[in-house]
Every structure is written in structure tokens, then in C-alpha cells.
Amino acid sequence: MSTDSAEPARQAHTAGRLVIVCGLPASGKTTLARALASERRGLRLAPDEWLDALGTNLWDADMRARVEALQWSLAQELLRTCATVIIEWGTWARSERDALRRQASALGATTELIHLDVDDEELWRRIQQRAIEVPPIQRTDLHEWRGLFEVPNDAELARYDTWSVRT
């Protein structure tokens with residue numbers, strides 16, 4: 001029996017695999033998620049690409065929430081069919097990662113968390129190099145976001161079937 005009353009008892013995994021790739025902008029989420037999708041024959045869900053395809057500003061929070069809800073609905077259907085789904089939403093909040101993990105586990109899916117931990121100087125270099133955001137990301141944005149990002153701790157990581165931290 002689980003000692004964490006907020007966690008359902010682990011069941012036998014009979015569905016797919018959810019991989020959550022978390023990190024700040026320019027940490028390498030898209031590059032890694034593309035590689036994982038190819039290696040594992042999984043579906044990669046990236047809201048930035050859907051927002052761009054819809055002609056919507058990447059900073060439109062309401063539309064982003066709607067796109068992520070649609071992506072999560074699709075992800076759940078795929079997890080039920082034993083597919084691998086790679087989520088690259090950033091997932092800065094522990095509560096967001098927990099909700100995805102719990103829902104995937106309830107479907108019988110295995111869960112994996114990959115935290116991309118890149119220092120601010122390298123993030124800033126990559127942001128300037130890619131220069132894709134409109135309006136552009138400012139160094140002060142990066143500093144603010146670093147303060148908002150909840151770094152996965154040992155207790156959180158222990159709840160996943162597998163996890164890794166990459167720099």
C-alpha cells in the first residue's frame with residue numbers, strides 16, 4: 001500500500017508511456033523531444049508548433065491552454081492504445097507535472113520525467129541565437145521565469161517510473 005495518501009496505488013501498466021520533458025525556454029525540449037519521438041516511435045506534442053500553425057501568438061495564454069487541453073485529450077487516447085506520447089509543454093509547475101503523471105498512471109501508462117537543467121547564460125545564448133519569439137524574450141524575462149520554475153526534487157522524481165536530469 002502506498003504511504004502517500006494522495007497517490008493511487010500503482011497498478012499494472014497496461015497502456016502506453018508518457019514522457020514529460022520539462023525545462024525553461026531554450027533548454028532543448030524540442031530537440032530532445034524530436035529525438036525521443038524518432039527513437040521510441042512516439043507522438044510529440046508541442047503547443048508552440050500548433051499555435052504557430054494556427055497563426056496565433058505564442059504568448060496568448062488562453063489559446064495555449066486550449067491547445068494543451070486538446071493535446072492532452074489526444075494524449076490520453078493514445079496512451080490507452082499503448083502508444084508513447086512525449087509532452088514538451090515546459091511544465092514549470094510541479095502541480096502540472098503531478099496532474100499529468102497521475103492521469104497517465106490511472107490509464108495504466110508508465111511515466112517518465114526528463115528535466116532539462118541548463119544554466120541561464122547558455123539559455124540566454126540560445127534564445128538570442130534562435131530569435132524566434134515575438135516579442136523577443138528579454139534577459140529579465142528569463143530571470144523571472146527561473147524564479148517561477150519549480151525544479152523537480154527527489155520526492156517528486158521518486159513518483160515516476162523513470163526520470164533523468166540533463167544539463
Side-chain angles (χ1 to χ4, degrees), residues 1-37 39-40 42-50 58 61 64-80 82-124 126-127 137 141-167:
M1 179 172 217
S2 175
T3 58
D4 183 352
S5 61
E7 290 295 310
R10 289 216 181 215
Q11 56 180 285
H13 295 292
T14 58
R17 179 175 199 83
L18 175 66
V19 180
I20 302 169
V21 181
C22 74
L24 289 170
S27 61
K29 294 182 303 295
T30 299
T31 300
L32 176 62
R34 283 181 176 146
L36 291 172
E39 291 166 12
R40 300 180 186 190
L43 176 69
R44 179 179 64 88
L45 295 173
D48 288 2
E49 292 172 5
W50 285 31
L58 296 179
R64 178 174 293 275
R66 291 169 61 193
V67 164
E68 288 180 1
L70 284 170
Q71 288 183 345
W72 182 238
S73 179
L74 174 61
Q76 290 175 87
E77 289 299 317
L78 290 166
L79 291 171
R80 286 184 187 99
C82 298
T84 296
V85 177
I86 299 110
I87 297 281
E88 60 164 288
W89 299 349
T91 55
W92 296 1
R94 184 169 297 117
S95 61
E96 183 181 14
R97 297 186 298 264
D98 283 346
L100 293 171
R101 178 187 44 75
R102 278 194 301 269
Q103 291 173 50
S105 291
L107 295 172
T110 58
T111 59
E112 178 177 353
L113 178 66
I114 302 173
H115 171 215
L116 299 178
D117 187 19
V118 178
D119 69 67
D120 288 352
E121 289 305 314
E122 179 61 16
L123 291 175
W124 183 243
R126 292 177 185 179
I127 288 167
I137 294 173
D141 296 327
L142 186 57
H143 179 73
E144 179 185 345
W145 297 338
R146 176 67 71 185
L148 295 172
F149 185 85
E150 295 179 284
V151 175
N153 61 24
D154 290 343
E156 178 185 0
L157 295 172
R159 292 185 176 122
Y160 288 87
D161 295 297
T162 58
W163 59 268
S164 63
V165 177
R166 301 181 187 194
T167 55

Could you check if a side-chain atom of [X] sits within less than 4.5 angstrom of a side-chain atom of [Y], using non-hydrogen atoms only?
X	Y	result
His115	Arg97	no
Trp50	Arg66	no
Trp163	Glu156	no
Leu24	Val118	no
Leu18	Leu107	no
Glu39	Leu36	yes
Thr111	Ile20	no

Inset, instruction - Mind telling me whether Trp145 and Trp92 have parallel, tilted or perpendicular rings, with 30° and 60° as the class edges? - result: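 Tilted, since the angle between the ring planes falls between 30° and 60°.
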Inset, instruction - Evaluate the side chain to side chain contact (heavy atoms under 4.5 Å, CB included) criterion for residues Leu43 and Leu74: first the C-alpha distance (whole Å), next the side-chain angles of each, then the deciding distance (0.1 Å), finally the verdict. - result: CA-CA 10 Å; Leu43 176 69; Leu74 174 61; 3.9 Å; yes
Rounded at 0.5 Å granularity, tell me how far [atom1] in [X] sits from [atom2] in [Y].
X	Y	atom1	atom2	result
Ile87	Lys29	CD1	NZ	13.0 Å
Leu58	Arg64	CG	CZ	6.0 Å
Asp161	Leu113	CG	CG	11.5 Å
Arg159	Ser105	CZ	OG	11.5 Å
Leu123	Leu142	CG	CG	5.5 Å

Write down the atom of [X], the atom of [Y], and the distance for their closest heavy-atom approach.
X	Y	result
Leu79	Ala109	CD2-CB, 4.2 Å
Gly28	Leu116	C-CD1, 3.4 Å
Leu45	Ala75	CD1-CB, 3.8 Å
Asp119	Glu121	OD1-N, 3.0 Å
Glu88	Ala33	OE2-CB, 3.3 Å
Trp72	Gln103	NE1-OE1, 2.6 Å

Inset, instruction - Please step through side chain to side chain contact (heavy atoms under 4.5 Å, CB included) for the pair Asn153 and Arg94, ending with a clear verdict. - result: CA-CA 9 Å; Asn153 61 24; Arg94 184 169 297 117; 4.0 Å; yes
Would you say the side chains of [X] and [Y] form a donor-acceptor pair under 3.5 Å?
X	Y	answer
Arg101	Thr91	no
Trp89	Gln71	yes
Arg17	Thr110	yes

Inset, instruction - May I ask you to check whether over 12 heavy atoms, not counting those of Arg40, lie within 6.0 Å of atom CZ? - result: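 Result for CZ/Arg40: enclosed.
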Any side-chain to backbone donor/acceptor pair from [X] onto [Y]? Under 3.5 Å, distance only.
X	Y	result
Arg166	Asp117	no
Arg126	Ser27	yes
Arg80	Ala15	no

Legend entry - Salt bridge flag under 4.0 Å for residues Arg44 and Glu49: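 Result for this pair is yes, salt bridge flagged.
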